[in-house]
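One structure below.
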Amino acid sequence: MSKGLVNKIIPFSMVDGPRNRMAIFFQGCNFDCLYCHNPETIKRCAQCGTCLFSCKFGAISMVGDSVIWQEEKCKDCGECIKVCKNSCGPKTKAMSVGEILQEVIKVKPFISGITVSGGECTLQNKFLVDLFEKVKKLDLTVFVDTNGSTDFSKNKDLVDLMDMAMLDIKSFDRDEHIKLTGRDNDIVLKNAEYLAGINKLYEVRTVIVPGVLDNFNNVNEISKLIASLNPEIRYKIIKYRPIGVRTDKIEAVQPNDEMMEELKVIASKNGCKNIIIV
Ligand code: SF4
Ligand code: SF4
């Protein structure tokens with residue numbers, strides 16, 4: 001049985017889908033967003049060994065050609081990530097479906113389901129299908145938090161199992177999307193239509209970054225799209241916050257409340273009925 005590469009598991013989250021959920025963050029992303037606030041989840045460890053001597057607590061070792069991270073010794077000081085050329089650090093775990101299930105079962109009475117996130121979780125699609133099959137048997141819901149870069153219409157096994165998806169539309173403009181993420185938004189927009197069409201689009205999210213993105217155009221166009229698909233789909237408009245970001249990649253300030261309210265009015269005028277500002 002294959003393993004999934006997991007960055008971290010949060011047993012209880014109220015912000016990763018409806019009600020209380022376990023959030024599982026998978027390692028590896030095919031976007032490289034300028035504002036990413038979890039840049040350590042983007043790349044995978046290249047096993048170069050550079051970080052071995054950065055850990056004062058003996059949490060990193062090399063066995064053969066593999067770098068091993070021992071969670072029980074880790075003090076979360078972040079030194080290993082600072083020296084890592086891939087900006088990922090060694091703090092990931094290859095977990096089997098059975099190992100993740102054990103974590104789910106521990107908290108099952110207190111959660112309504114799981115949400116898989118990342119990184120970009122759908123890059124580990126086959127593992128997700130195996131995991132979802134087992135989790136559904138526990139009578140829990142399964143939600144997918146995605147950057148929308150993999151074609152859900154060609155991912156029938158996953159789509160049939162998942163309850164709903166939360167989709168980032170980071171920019172409506174193709175060129176701006178490339179500038180922001182490194183990739184175009186063709187499949188992202190196609191996924192929005194496809195997922196809404198099968199009633200599996202729970203939420204669309206857009207991050208507002210003054211001075212970097214054309215935020216008013218984005219919210220205007222994305223909210224029109226949502227309203228045309230299904231006005232009840234939740235539109236979450238998120239303030240950029242300069243926390244955990246790579247300061248060599250982005251210099252931006254947090255938008256003020258007035259700007260967020262203006263954006264909310266635009267989305268509302270365009271017909272969105274369920275708008276959340278965070
Ligand atoms: S974050 Fe953990 S593994 Fe990395 S240097 Fe600090 S203690 Fe060691
Ligand atoms: S975590 Fe980074 S520095 Fe450490 S072995 Fe992997 S790629 Fe090298």
Side-chain angles (χ1 to χ4, degrees), residues 1-13 15-16 21-104 106-107 114-128 130-131 145-147 149-150 168 180-183 240-251:
M1 180 72 74
S2 66
K3 293 200 171 192
L5 195 60
V6 174
N7 179 276
K8 67 172 174 268
I9 296 179
I10 296 179
F12 306 112
S13 168
V15 294
D16 293 291
R21 319 185 64 75
M22 171 179 273
I24 303 164
F25 295 85
F26 285 83
Q27 184 73 21
C29 188
N30 51 354
F31 283 3
D32 189 5
C33 300
L34 297 177
Y35 60 56
C36 181
H37 62 275
N38 284 320
E40 70 280 4
T41 64
I42 296 174
K43 291 190 180 162
R44 288 184 170 216
C45 172
Q47 314 291 338
C48 70
T50 305
C51 61
L52 281 182
F53 304 105
S54 67
C55 183
K56 290 186 289 195
F57 306 98
I60 310 171
S61 55
M62 196 126 193
V63 177
D65 288 338
S66 300
V67 170
I68 307 291
W69 169 66
Q70 287 173 275
E71 188 174 15
E72 60 284 2
K73 291 186 181 172
C74 177
K75 305 284 183 216
D76 249 335
C77 70
E79 288 303 313
C80 53
I81 296 173
K82 281 190 207 156
V83 301
C84 176
K85 288 193 191 96
N86 274 357
S87 301
C88 61
K91 299 164 58 182
T92 54
K93 286 199 283 186
M95 297 180 78
S96 66
V97 168
E99 286 167 328
I100 295 181
L101 269 190
Q102 281 176 15
E103 298 303 311
V104 175
K106 280 184 203 164
V107 297
I114 67 164
T115 295
V116 291
S117 184
E120 175 49 34
C121 59
T122 64
L123 298 177
Q124 301 186 52
N125 171 49
K126 184 155 174 0
F127 183 83
L128 294 187
D130 291 346
L131 177 65
D145 174 351
T146 179
N147 66 16
S149 61
T150 63
D168 292 339
L180 175 66
T181 71
R183 296 180 64 145
Y240 165 77
R241 292 175 174 85
I243 299 164
V245 297
R246 293 165 292 184
T247 46
D248 57 324
K249 293 232 176 210
I250 189 165
E251 206 176 306

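Start at 1 and go down the list; that is how both ligands and their atoms are numbered. Keep in mind the model is a prediction, meaning the values are calculated, not measured. Quick note: residue numbers are just sequence positions, from 1.
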Margin query: For Thr150 versus Thr122, what's the shortest heavy-atom pair and its separation?
Written below: OG1-OG1, 2.8 Å

Margin query: Using the side-chain contact (heavy atoms from CB on, under 4.5 Å) definition, which of the options Leu128, Leu5, Leu123 pairs with Phe26?
Written below: Leu128

Check: Relative to the heavy atoms of Gly89, which atoms of ligand 2 are at a distance of less than 4.0 Å?
Finding: 1 (S)

Notebook entry, point to check: Which ligand 2 atoms does Cys84 reach within 4.0 Å, using its non-hydrogen atoms?
Noted result: 1 (S), 2 (Fe), 3 (S), 7 (S)

Next item on the list: Tell me, please, whether Phe25 has Lys8 positioned over its six-membered ring: NZ or CZ under 6.0 Å from the ring centre and within 45 degrees of its axis?
Entry: yes

Margin query: Considering non-hydrogen atoms of the protein only, which is the closest contact for atom 4 (Fe) of ligand 2, and what is the distance?
Written below: Cys51 SG, 2.3 Å

Note to self: Would you compute the distance between atom CD1 of Ile100 and atom CE of Met95 and round it to the nearest 0.5 angstrom?
What the structure shows: 5.0 Å

Notebook entry, point to check: Between atom CD1 of Ile24 and atom CG of Asn7, what is the distance when rounded to the nearest 0.5 Å?
Noted result: 12.5 Å

Next item on the list: Enumerate the atoms of ligand 2 whose separation from the nearest heavy atom of Gly49 is less than 4.0 angstrom.
Entry: 5 (S), 8 (Fe)

Item checked: Test item: Ser13 side-chain N/O and Ala23 main-chain N/O as donor-acceptor pair under 3.5 Å -> no

Notebook entry, point to check: Considering only the protein, which heavy-atom contact is closest to atom 6 (Fe) of ligand 2, and what is its distance?
Noted result: Cys45 SG, 2.3 Å

Check: Which protein N, O or S atoms lie under 2.8 Å from atom 6 (Fe) of ligand 1, given by chain and residue number?
Finding: Cys77 SG

Check: Looking at Ile81 and Ser87, what are the two nearest heavy atoms and their distance?
Finding: CG2-O, 4.0 Å

Checklist line | Contact list for residues 34-45, test salt bridge (charged side-chain N to carboxylate O under 4.0 Å, His left out), sequence neighbours left out | finding: none

Next item on the list: Take Lys56 and Glu79, measure what salt bridge (charged side-chain N to carboxylate O under 4.0 Å, His left out) needs, and give me the verdict at the end.
Entry: CA-CA 9 Å; Lys56 290 186 289 195; Glu79 288 303 313; over 6 Å; no

Check: Parallel under 30°, tilted from 30 to 60°, perpendicular over 60°: which one fits the rings of Tyr35 and Tyr240?
Finding: tilted

Next item on the list: Provide the number and element of each atom of ligand 2 under 4.0 Å from a heavy atom of Ala46.
Entry: 6 (Fe), 7 (S)

Next item on the list: State, yes or no, whether a side-chain contact exists between Ile114 and Met22 at a heavy-atom distance under 4.5 Å.
Entry: yes

Next item on the list: For Val67, counting its heavy atoms only, list the atoms of ligand 2 lying under 4.0 Å from any of them.
Entry: 5 (S)

Notebook entry, point to check: What atoms in ligand 2 come closer than 4.0 Å to a heavy atom of Thr50?
Noted result: 3 (S)

Note to self: Within ligand 1, which atoms have a heavy atom of Trp69 less than 4.0 Å away?
What the structure shows: 3 (S)

Next item on the list: Provide the number and element of each atom of ligand 2 under 4.0 Å from a heavy atom of Pro90.
Entry: 1 (S)

Check: Has Cys48 got an N/O/S atom less than 2.8 Å from atom 6 (Fe) of ligand 2?
Finding: no

